[in-house]
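Structure first, then comments.
Every chain is numbered from 1 and lettered A, B, ... according to where its sequence line falls, protein lines coming before strand lines.
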Amino acid sequence: MGTAGLGPLPCVPPPDQTARVPRAEILKCQNLRKTFGDLVAVDDVSFTIEAGETYGLLGPNGAGKTTTISMIAGILERDGGQVLISGRPHGTTSRWGKKQIGYVPQDLALYPDLSARENLRFFARLHGLGRAEARARIDEVLRMIGLTERAKDPVKEYSGGMKRRLNIGVGLLHRPPLLILDEPTAGVDPQSRNAILESVAALAGEGVAVLYTTHYMEEAERLCDRIGIIDLGRIRAEGTRRELVGLVGELDRISLTTGGAQAVPKELETLPEVRKAGSHEGRLEVMVEDARKSLPRVLAAATDAGVVVRAVEVHEPNLESVFLHLTGKALRD
Amino acid sequence: MGALLLITAKDLRLRVRDRSVFLLAIVVPFGLAAIFSLVFNGVDDQARPTFAVADEDRGQIAATFTGQVLGPLERQGVIALRTAGGEREAAAMVGRGDADAAYVVPAGFTRAVLGGHAAELRVIGNVDAPIGSFVARSVAEAFVADVRYVRVALATKGGGTPEEALRVPAPVGIEDFAAERRQLSLAEGFAAGMAVFFLFFTVQFGFSSILDERRDGTLARLLAAPVPRATIVFGKLLGGVVVGVVSMTVLMVAADLLLGAEWGNPLGVGVLLVAGVLAATGVMALVATVATTAEQAGNVQAVVAVLLGVLGGVFIPIQQIGGVFAVLSLVTPHRWFMQGLADLHGDAAPVLAVVPTLALLGFAAVTTGVALLRAGRMLRP
């Protein structure tokens with residue numbers, strides 16, 4: 001059970017999970033399998049991502065996230081299964097498929113002795129952009145990642161956050177319909193991390209399908225429309241955050257601080273969405289299925305009953321609980 | 001092709017930014033060659049012995065010896081001659097060290113030879129110049145053997161005039177390719193040796209930079225780009241070849257202009273140079289495929305480069321080693337490159353050093369082929 005004000009990370013509005021309209025399927029993975037000797041790194045992994053959707057692969061280090069996306073990006077040969085990009089088979093030799101993918105590796109994949117512009121130009125040309133098109137697009141991307149002023153400086157002189165932004169910028173150069181981000185915020189300061197998450201959300205808003213791997217639960221919750229929980233090379237569960245949390249069967253808890261002893265008012269207890277309510281040390285504890293939806297009515301009922309509410313806290317079961325429930329271990333183990 | 005050149009151009013740009021390539025490819029090899037040349041300056045000239053000649057006979061056979069035996073050797077630069085008024089002066093010149101040895105043709109020498117009597121050609125050697133004395137004695141013995149042959153020929157015929165004696169042909173003709181045409185000077189040898197020795201360090205970055213890219217994380221991005229893997233590999237190889245050709249060209253031209261080296265026909269030298277660069281690139285690429293990290297590759301390549309250089313006669317000329325090492329040197333590109341330059345050396349040299357060039361191309365084909373077969377294991381993120 002986690003604690004998080006009125007929302008875990010309020011900078012980006014949570015994805016609207018009630019109004020999902022089917023969109024074009026950009027990525028379809030079927031029964032992906034990869035072994036390294038006796039080690040089965042990825043086993044029977046299947047999922048799809050639609051245009052404008054952000055799909056999170058959430059799992060601890062060594063779970064198989066990077067191996068999975070390496071196969072999807074066409075970097076690593078797979079031992080079994082199939083990858084379809086917009087319905088077309090894709091693999092290590094598929095040039096068309098690779099043009100549809102923007103790949104942002106976990107490690108900084110930049111040439112430190114080259115400037116940002118030189119790095120961007122090299123990868124833009126490598127992805128088939130002509131000189132003029134590359135120049136225009138590089139200017140756009142530099143603006144997007146906020147590095148226009150430092151474009152001519154060698155990358156080795158950049159801060160960690162600037163390098164991370166440039167690392168992502170390279171993946172966006174050729175306007176790919178599918179963006180693969182492998183733990184893009186690893187080792188990044190909170191400010192840069194926030195900027196990266198906002199950028200990813202904005203890209204998804206523009207219709208880019210995003211495959212996002214992370215072992216940070218908060219990022220997956222904040223960013224992803226759907227999440228696949230992966231461990232030991234297998235997807236253990238998949239769905240929206242709400243669906244995954246539903247697997248655990250825990251309820252949300254709304255805690256109203258009243259400042260003194262207060263019995264549970266009848267108006268509150270009889271609300272249809274309230275499963276259970278109690279009073280404890282100057283707080284009213286109200287258990288509901290969906291705190292975000294129920295909060296306005298709970299507050300209204302409390303106020304109508306004459307309760308003076310001094311503070312409100314929402315406690316939601318989080319993905320950490322789900323991961324623990326599914327694998328028997330903590331996400332950061 | 002565009003992607004291949006992009007990768008090569010990017011690698012070259014990175015090399016230029018990393019100034020160490022200039023140090024390794026040009027400054028160090030040229031500097032060492034120049035130092036060696038200065039240290040051994042004049043050794044070539046010192047190896048040419050000076051002989052004093054005292055002709056007290058002034059007859060026809062004496063003239064034949066000085067004009068037709070010693071004269072050509074002097075003109076070829078094998079020996080230097082100085083004239084002495086008589087035996088005493090010749091001995092004094094040897095004693096002072098002005099000559100390594102002296103020939104004295106005593107009065108009556110011609111008459112004795114033509115008359116079939118015992119004749120004496122005196123050689124005065126300098127104890128401090130054993131090699132020069134040995135050469136003088138060898139030349140004299142060869143001349144005496146010729147005289148003996150002529151006498152036998154005339155005796156068989158039943159006698160003859162001095163003119164007829166001169167017309168008796170030599171029994172066996174010998175064409176000497178070893179001295180002038182197929183020998184680099186010390187300066188040329190050191191310049192070529194240092195150039196080909198450091199060439200192996202210069203070209204190693206090309207293929208090995210795949211391991212650098214893997215270490216730095218950029219290989220994953222290259223592999224994710226819409227570019228065939230073969231393009232990445234050939235782009236890397238081409239980078240090494242370009243740097244190798246440029247550095248070798250600069251070194252050869254600099255040695256020509258600054259050290260007075262003469263390399264022979266530019267076409268033949270150019271073809272040999274490119275073949276040498278390809279061979280070096282192939283060998284270093286093959287070595288890189290046995291490594292798992294860039295650091296490991298660098299270490300193994302350095303060992304291989306030094307070993308091949310030593311075996312190939314970069315530091316000690318093969319002619320002075322001989323035996324097993326001379327045979328072993330044949331498995332090094334260094335030996336064939338130096339041999340090729342020696343073959344192209346001199347006025348009568350061929351346009352192309354065919355055998356050494358083919359040997360180097362053979363090295364390149366085999367090593368690059370095996371390296372390409374093994375390259376797949378390097379192309380993993």
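Interface summary for chain B: among A:Phe123, A:Trp96, A:Phe122, the most heavy-atom pairs under 4.5 angstrom belong to A:Phe122. Ranked by heavy-atom pairs under 4.5 Å with chain B, the first of A:Glu118, A:Gln106, A:Glu77 is A:Glu118. Most heavy-atom pairs under 4.5 Å with chain B: of the set A:Gly97, A:Ala109, A:Ser70, this distinction falls to A:Ala109. Here B:Thr218 is the residue among B:Leu223, B:Thr218, B:Leu222 with the most heavy-atom pairs under 4.5 Å with chain A.
The pair A:Asp44-A:Arg33 does not meet the salt-bridge criterion, since no charged nitrogen lies less than 4.0 angstrom from a carboxylate oxygen. A salt bridge links A:Glu140 with A:Arg137; the closest basic N to acidic carboxylate O contact falls under 4.0 Å.
Within a 6.0 Å radius of CZ in A:Arg131, other residues, nucleotides and ligands contribute 12 heavy atoms or fewer. Atom CZ of B:Phe234 has 12 or fewer neighbouring heavy atoms from other residues, nucleotides or ligands inside a 6.0 Å radius. Under a cut-off of 6.0 angstrom, the local environment of CD in A:Gln191 is sparse, with at most 12 non-hydrogen atoms contributed by other residues, nucleotides or ligands.
Using a 30° and 60° split on the angle between ring planes, B:Phe197 and B:His334 fall in the tilted class, from 30° to 60°.
Contact of B:Ile7 with chain A is made through backbone and side chain together, with heavy-atom distances under 4.5 Å. Interface residue A:Leu110: backbone and side-chain heavy atoms are both found under 4.5 Å from chain B. In this structure, chain B has a heavy atom under 4.5 Å from the backbone of A:Leu108, while its side chain stays farther away.
Formation of a donor-acceptor pair under 3.5 Å by the B:Arg221 side chain with backbone atoms of A:Asn167 is found in this model. Put simply, the side chain of A:Tyr158 gets close to the backbone of A:Arg150: a donor and an acceptor are under 3.5 Å apart. Of the possible donor and acceptor atoms, none in the side chain of A:Asp43 sits under 3.5 Å from a partner among the backbone N and O of A:Arg234. Of the possible polar contacts, one joining the A:Asp79 side chain to the A:Thr35 backbone as a donor-acceptor pair under 3.5 Å is found.
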Using side-chain contact (heavy atoms from CB on, under 4.5 Å), reason through A:Ile101 and A:His174 one step at a time and then give a plain yes or no. CA-CA 9 Å; A:Ile101 298 173; A:His174 55 292; 5.6 Å; no

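Using a 4.5 Å heavy-atom cut-off against chain A, no residue of residues 268-304 of chain B qualifies as contacting. Using a 4.5 Å cut-off between non-hydrogen atoms, the part of residues 204-217 of chain B that approaches chain A consists of B:Glu213, B:Asp216, B:Gly217.
With A:Asp182 as the partner, the side chain to side chain donor-acceptor pair (under 3.5 Å) test is satisfied by one option alone out of A:Thr68, A:Thr66, A:Thr214: A:Thr66.
Separating the CG atom in A:Leu203 from the CD1 atom in A:Ile168 is a distance of 9.0 Å, to the nearest 0.5 Å.
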